[in-house]
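Hydrogens, waters and symmetry mates play no part in the numbers below; they use all other heavy atoms, side chains included. Below, chains carry the letters A, B, ... as their sequence lines are ordered, and counting in each starts from 1.
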Amino acid sequence: MKLYLHYLSIHLRSQMQYKTSFFLTVLGQFVGSFTFLLSILFLMDRFHTIKGFTTAQVLLCFGTVLMAFSIAECFFRGFDSFAGTISQGQFDRILLRPRSEVLLTLCSKAELSRIGRFAQAALVFAYAIPNSGVDWTWDKILTLAFMVLSGVALFSGLFVIYAAICFFTTEGLEFMNIFTDGGREFGSYPIAVYGERVLKIFTYVVPLALVQYYPFLYLVGQAEAWWYALTPLAAWIFLLPCALLWKVGLRHYKSTGS
Amino acid sequence: MCYNKIPFAPLTGERPGAKSSDQTAGGYRLCFRFQSCRNPKHVRCFRAVYVYLYGTDFVLSETKRGYFLFMIEMHHISKTFRVARRNAGMREAVKALFRREYTEIRALNDVSFTIGDGEMVGYIGPNGAGKSSTIKVMSGILHPDMDEGTCVIDDRIPWKQRKEHVRNIGVVFGQRSQLWWDVPVLDSYELIRDIYQIDTTVYKRNLDELTECLHLSEILRTPVRQLSLGQRMRCEIGASLLHDPRILFLDEPTIGLDAVSKIAVRDFIRRRNREHGTTVILTTHDMQDIEALTERILLIGKGRILLDGSLQELKSRHSGVRKITVSHSGGETAAELAEQLPEGIVCTENQPGQSSFAVDTTRLGVSEAIGILSGKLEITDLSVAGATAEELVVSLYEEFAI
């Protein structure tokens with residue numbers, strides 16, 4: 001953990017070398033995801049409710065996923081850009097260090113400019129939490145926090161899978177973005193609005209619905225059963241096959257060039 | 001097999017690193033060395049006695065504290081890569097999406113050698129011969145093929161005990177940096193200290209020593225991107241030695257450096273080896289590096305070890321050849337001369353006003369050769385030189401057809 005903080009401070013110092021670039025990226029991130037927010041607002045302005053959810057409730061959903069995604073992207077960026085790490089031979093250097101490969105890959109990059117997205121997610125929360133009509137008792141607050149944390153775990157797991165595939169292909173596979181960026185966009189609305197089939201995919205294949213939709217039902221009071229609040233656990237279980245795939249990939253690793 | 005079972009005369013103390021006996025036994029060349037080390041930190045090196053069995057199948061695996069026979073033992077290591085092949089062109093590219101043809105490339109083919117504690121070895125070979133692959137196997141980055149080979153480095157198997165192993169080695173890739181581009185060198189060093197969990201006092205001591213030897217004090221506070229290549233390379237080498245590794249792998253450490261920086265790097269490596277007893281494995285294309293640093297060279301070509309011996313030995317093999325370079329007036333005459341030279345002298349280069357000749361001294365004396373040349377040319381300047389390491393290697397590459 002101490003090592004990770006040290007890395008983080010180095011990354012911060014490096015990125016501060018290019019202040020203008022840093023702030024423009026932060027701004028860009030903010031504006032970029034702002035368009036999603038706007039599209040939700042316009043849509044909700046016309047239809048008022050979607051599948052019985054109010055604007056604030058949809059925004060709560062959006063905020064949860066956006067926040068989880070921005071945290072995951074900020075800290076797990078090393079896995080997201082792993083294709084570059086491998087093809088430029090930097091993974092060799094990681095293997096030459098007496099620490100775990102996962103830790104060092106995690107450390108290898110931190111995209112602090114993602115704070116732009118994070119800030120937006122926080123703003124959305126600031127609006128949505130008081131207006132969503134949820135009776136904020138302790139269990140609901142904990143559920144929301146658990147949802148965000150599990151969302152981070154889920155997206156990190158996806159990044160790890162993405163990275164593990166790079167061991168075999170050396171190049172990143174863009175189709176993985178269906179699940180990462182796609183997951184973020186799908187996650188803007190409660191997943192059930194996309195219909196039964198999409199809901200199933202995001203329940204059984206990638207457990208995004210278990211993080212975002214089912215506990216959300218519990219939050220807004222559409223589902224009474226307490227175990228709906230615990231479904232985000234699936235995201236943590238999802239990490240197991242991700243870790244396994246990573247191990248398999250690592251064994252398969254062949255380094256590039258000289 | 002244990003070192004004291006080899007029937008051999010006891011060793012006498014000699015100059016550090018000197019050979020004390022050299023004999024042939026049972027078809028193998030046995031070469032005993034006595035190595036001492038001045039740095040009291042490395043007491044283990046003091047009494048180390050090495051037995052080298054060049055080109056043997058023997059596994060001398062018995063090691064005792066203080067008697068490390070080998071630092072590195074590689075036996076029958078092979079590494080095969082599966083490489084997807086396709087012809088150029090769009091059609092082929094689309095075809096390759098569905099069905100790929102793989103070719104197996106043997107990057108390493110039955111590679112065996114042993115390197116003793118405190119030895120400096122030059123590892124040479126043309127591009128793509130397998131040098132980097134060997135370094136990668138030895139540093140635990142690559143798994144070799146799993147059939148029969150063994151690789152033991154300081155009692156560990158690199159790819160199985162990776163973390164313990166890499167604590168013990170330092171690796172410098174001349175073409176890749178391990179320093180953070182945008183922050184001062186010192187920041188990178190401190191991060192490395194945390195990665196290796198180096199004790200603060202040890203870190204301080206090593207840093208002071210390295211700063212002094214590599215003349216880093218001026219540049220430690222500069223961001224890496226503002227350093228010259230020579231300064232950066234010194235910092236890279238420093239970074240790989242902060243954790244006191246016993247083995248140092250240098251992959252083309254002098255690539256792209258100017259003469260002054262090259263000499264600084266070489267001097268440092270030599271000093272490190274002498275004072276700390278660090279085992280150094282050096283790959284390079286610069287023969288001056290080899291000449292300045294190593295006694296022993298390993299030649300690899302097409303994944304096989306082709307030659308394992310001392311540079312001196314190689315030189316003596318080619319010592320019969322002298323190169324005579326002559327400046328003369330009258331440009332055309334040399335071309336005619338080339339055809340009427342006697343046995344043992346060959347014209348290797350022929351330009352107006354300047355020509356070079358290779359003289360085989362076993363057949364023709366140097367003075368005779370000069371006599372012949374001066375009789376036929378109006379000589380204005382003349383120089384005689386033995387074969388350079390550069391030429392040796394070219395002739396080696398030709399000899400082994402790699």
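Surrounding CZ of B:Arg304 are at most 12 heavy atoms belonging to other residues, nucleotides or ligands under 6.0 Å away. Applying the 6.0 Å contact sphere to CZ of A:Phe34 captures no more than 12 heavy atoms from other residues, nucleotides or ligands. A 6.0 Å sphere centred on CZ of B:Arg225 holds more than 12 heavy atoms belonging to other residues, nucleotides or ligands. No more than 12 heavy-atom neighbours from other residues, nucleotides or ligands sit within 6.0 angstrom of CD1 on A:Ile115. Within 6.0 Å of atom OH in A:Tyr194, more than 12 heavy atoms from other residues, nucleotides or ligands are found, so the atom counts as buried in its surroundings. In B:Lys262, the NZ atom is crowded: over 12 heavy atoms of neighbouring residues, nucleotides or ligands sit closer than 6.0 Å.
Residues A:Tyr7 and B:Ile195 have side chains in contact (heavy-atom distance under 4.5 Å, counting atoms from C-beta outward). By the 4.5 Å heavy-atom criterion applied to side chains, A:Ser100 and B:Lys163 are counted as neighbours. Taking 4.5 Å as the limit, every side-chain heavy atom of A:Ser14 sits out of range of all side-chain heavy atoms of B:Trp181.
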**Item:** Verdict with supporting geometry, A:Gln90 and B:Arg176, side-chain contact (heavy atoms from CB on, under 4.5 Å)
**Value:** CA-CA 8 Å; A:Gln90 281 158 8; B:Arg176 279 182 207 158; over 6 Å; no
Worked verdict on B:Asp182 versus A:Arg13 for salt bridge (Lys or Arg N to Asp or Glu O under 4.0 Å): CA-CA 8 Å; B:Asp182 292 314; A:Arg13 271 178 273 172; over 6 Å; no
Exercise for the section: I would like to know whether A:Leu96 and B:Phe249 meet side-chain contact (heavy atoms from CB on, under 4.5 Å); could you show each step before the answer? Expected result: CA-CA 11 Å; A:Leu96 288 174; B:Phe249 294 103; over 6 Å; no
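For B:Ile135, no part lies near chain A; criterion is any non-hydrogen pair under 4.5 Å. Only the backbone of A:Ile94 comes within contact range of chain B, with heavy atoms under 4.5 Å apart. Contact of B:Glu190 with chain A is made through backbone and side chain together, with heavy-atom distances under 4.5 Å.
Contact record, B:Val166 with A:Leu95: CG1-O, 3.7 Å, taken as the closest heavy-atom pair. For the pair A:Asp92 and B:Lys136, the tightest heavy-atom approach, listed with the atom from each and the gap, is OD2-CE, 3.3 Å.
Atom CG of B:Leu191 is separated from atom SG of A:Cys107 by 8.0 Å, given to the nearest 0.5 angstrom.
Remark: aromatic rings of B:Trp159 and A:Tyr253 are distant, center separation not under 6.0 Å.
Ranked by heavy-atom pairs under 4.5 Å with chain B, the first of A:Arg93, A:Met16, A:Lys2, A:Gln17 is A:Arg93. Ranked by heavy-atom pairs under 4.5 Å with chain A, the first of B:Glu164, B:Lys131, B:His143 is B:His143.
Proximity of a side-chain donor or acceptor of B:Arg162 to a complementary backbone N or O of A:Arg97 within less than 3.5 Å is detected.
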